[in-house]
Trainee: 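Just passing along the structure, written as structure tokens.
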There are 2 protein chains.
Amino acid sequence: MPYLKKCTPENEPVDCRILTAALELFVERGYHNVSVHDVQKRANVSIGSIYNHFGGKEGIAKALYHHLINEFDELVQDVLAEASGARARCNLIIQRLFEYTETRRHIIAYMLHAKHREFMPEEPPLCSSSPFVALRDIVRQGMEDGEIRQGDPWVITSVLFGGAIRLVQLRLDGVIDAPLMTHYEELVEATWQGLGSA
Amino acid sequence: MPYLKKCTPENEPVDCRILTAALELFVERGYHNVSVHDVQKRANVSIGSIYNHFGGKEGIAKALYHHLINEFDELVQDVLAEASGARARCNLIIQRLFEYTETRRHIIAYMLHAKHREFMPEEPPLCSSSPFVALRDIVRQGMEDGEIRQGDPWVITSVLFGGAIRLVQLRLDGVIDAPLMTHYEELVEATWQGLGSA
DNA sequence: GTCTATACGCTGATAGAC
DNA sequence: GTCTATCAGCGTATAGAC
């Protein structure tokens with residue numbers, strides 16, 4: 001559930017205000033350029049509250065991290081329910097990713113930009129989390145069913161989503177001006193049909 | 001030229017020792033988790049020398065950044081000289097990228113992993129640097145010549161190199177065990193032919 | 001649970017001898 | 001140019017009142 005989305009106003013629960021403020025700041029300036037005091041100010045909370053709720057800066061980062069994984073997990077599960085067939089499912093995931101990038105850019109930016117291992121060394125890497133495992137399962141199934149070209153799962157998955165991920169990064173970096181969905185059709189076709197002149 | 005490569009031994013020039021030490025540390029722990037003292041120790045130099053040569057930690061980061069851009073620029077220029085045609089050139093760039101990832105992983109890691117804007121806000125972004133411009137020119141030319149599918153340059157370029165970049169990242173993160181060149185043929189074919197079942 | 005004030009370590013940076 | 005010793009500031013974390 002878009003928990004963080006609802007907590008922007010000031011009269012929301014404390015822990016929620018802290019998370020939204022921290023997420024914004026982390027994305028704007030980068031984790032290391034944000035102090036607990038910064039978060040405290042933007043969230044209109046005292047430092048004590050932050051340590052009470054999350055035990056410190058890294059605690060906030062971890063909470064955001066798990067939150068993020070949950071959100072992406074829901075996205076994948078929704079797609080599994082709504083579409084069938086590997087190709088349709090992968091395309092729908094890309095579409096949702098593009099939509100999220102426009103409507104909830106902070107979460108996506110935190111997912112893609114943050115080098116989580118750098119400040120949460122003990123957390124398992126993103127690509128071993130459940131939504132990413134589910135995603136690779138979709139690809140594997142698609143290969144079995146003959147919907148997707150045979151090959152090493154990592155390679156195929158990289159080609160499948162590599163283009164979309166790059167576009168999201170370029171969009172987040174302000175290099176691409178148009179909303180990502182503008183390029184959806186073209187991306188999907190180029191990925192499935194190949195880059196050879198049509 | 002692989003300037004940094006040659007400076008590992010202790011009897012090399014001071015500025016070079018500083019750069020190699022810093023590069024290693026930045027990649028291992030992340031820029032923000034490395035102090036000037038750490039660099040000083042590993043390079044067997046005094047702090048004073050570091051400030052004399054580079055003016056501080058950020059100065060080192062900038063020097064590495066420009067060094068990196070130069071190296072990548074040479075790579076692209078070499079490819080332009082060695083191969084002709086957009087497709088052959090792009091493939092060769094990917095091949096060289098894969099080789100570099102194995103033989104000189106630190107540079108590649110610094111290029112892909114580091115969030116340079118986070119600690120060098122005033123430096124222009126990587127994708128506006130000359131090698132990346134040259135790279136997009138190759139793609140543009142390829143579209144004109146009918147070698148590459150028509151479309152938005154950003155989208156096409158993302159699809160073209162997105163898969164390779166993802167693979168490099170996965171390799172650097174230790175997710176992929178085999179040397180990247182193992183997957184080169186498969187990647188290139190999947191990218192150009194598309195992911196539909198062959 | 002929330003707040004303020006405070007302690008303390010680390011880090012980037014400088015001064016000045018050699 | 002290189003070094004050592006030292007400083008000042010910031011940022012995390014805690015103590016203790018309310």
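So that the names make sense, note that chain A is the first sequence line, chain B the second, and so on, each numbered from 1.
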Trainee: Using a heavy-atom cut-off of 4.0 Å across all strands, would you classify A/Val34 as base, sugar-phosphate, or nothing?
Mentor: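 Counting heavy atoms under 4.0 Å across all strands, the contact made by A/Val34 is with sugar-phosphate only.
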Trainee: Could you check whether B/Glu118 pairs with A/Lys115 (Lys NZ or Arg NE/NH1/NH2 to Asp/Glu carboxylate O, under 4.0 Å)?
Mentor: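 Result for this pair is no, no salt bridge flagged.
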Trainee: From the options C/dT2, C/dG12, D/dT2, select the nucleotide whose nearest atom is closest to the side chain of B/Ser35.
Mentor: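 Looking only at side-chain atoms, B/Ser35 lies closest to C/dG12.
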Trainee: By the 4.0 Å heavy-atom rule, please label B/His37 as base, sugar-phosphate, or nothing.
Mentor: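 Base contact - B/His37 has a heavy atom under 4.0 Å of at least one base atom.
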Trainee: Provide, to the nearest angstrom, the distance between the CD1 atom belonging to B/Ile50 and the C1' atom belonging to C/dG12.
Mentor: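 My rounded result for the distance is 11 Å.
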Trainee: For the side chain of B/Tyr51, starting at C-beta, report the closest nucleotide among C/dG12, D/dC3, D/dT2.
Mentor: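 Shortest atom-to-atom distance from the side chain points to C/dG12.
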Trainee: Should A/Val133 and A/Leu75 be counted in the same cluster of Ile, Leu, Val, Met, Phe, Trp and Tyr side chains packed under 4.5 Å apart?
Mentor: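 As far as the 4.5 Å side-chain criterion goes, A/Leu75 and A/Val133 are not connected within one cluster.
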Trainee: Please report the distance, rounded to the nearest Å, between CD in B/Gln40 and C1' in C/dG12.
Mentor: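 Computing the B/Gln40:CD to C/dG12:C1' distance gives 13 Å.
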Trainee: If I take atom CD1 in residue B/Ile60 and atom P in nucleotide C/dG12, what distance separates them, rounded to the nearest angstrom?
Mentor: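 Between P of C/dG12 and CD1 of B/Ile60: 10 Å.
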Trainee: Report the distance from atom CG of A/Asn52 to atom P of D/dA15, rounded to the nearest whole Å.
Mentor: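 It is 13 Å, rounded to the nearest whole Å.
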Trainee: How about B/Asp38 and B/Ser35: does a side-chain donor come under 3.5 Å of a side-chain acceptor?
Mentor: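 Looking only at side-chain atoms, B/Ser35 and B/Asp38 do form a donor-acceptor pair, the distance falling under 3.5 Å.
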Trainee: A/Ile18 CD1 to C/dG1 P: how many Å, rounded?
Mentor: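 In whole Å, C/dG1 P lies 12 Å from A/Ile18 CD1.
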Trainee: What's the closest nucleotide to the B/Ile47 side chain, out of D/dA13, D/dT4, C/dT2?
Mentor: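 Of the options given, the side chain of B/Ile47 lies nearest D/dT4.
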Trainee: What nucleotide among D/dT14, C/dT2, D/dC3 has an atom nearest to a side-chain atom of B/Ser46?
Mentor: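 Output: D/dC3.
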Trainee: Report the nucleotide, chosen from C/dT2, D/dT12, D/dT2, that has the shortest atom-to-atom distance to any side-chain atom of B/His53.
Mentor: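 Of C/dT2, D/dT12, D/dT2, D/dT2 is nearest to the side chain of B/His53.
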Trainee: Expressed in angstrom and rounded to an integer, what is the separation of B/His32 atom NE2 from C/dG12 atom P?
Mentor: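 Those two atoms, NE2 and P, are 11 Å apart.
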Trainee: Rounding to an integer number of Å, can you tell me how far A/Arg29 CZ sits from D/dG11 C1'?
Mentor: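 Rounded to the whole Å, the gap is 14 Å.
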Trainee: How many whole angstroms separate atom OH of B/Tyr31 from atom C1' of C/dT11?
Mentor: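 Distance, rounded to whole Å: 11 Å.
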Trainee: Between A/Lys62 and A/Glu122, does any NZ, NE, NH1 or NH2 come within less than 4.0 Å of an OD or OE carboxylate oxygen?
Mentor: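 Salt bridge present between A/Glu122 and A/Lys62.
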Trainee: Report the residue (A/Lys57 or B/Val45) whose heavy-atom-nearest nucleotide on DNA chain D is the more 5′ of the two.
Mentor: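 Nearest nucleotide further toward 5': that of B/Val45.
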Trainee: With a 4.0 Å cut-off, would you call B/Arg104 and B/Glu99 a salt bridge?
Mentor: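 Looking at B/Arg104 and B/Glu99, the cut-off is not met.
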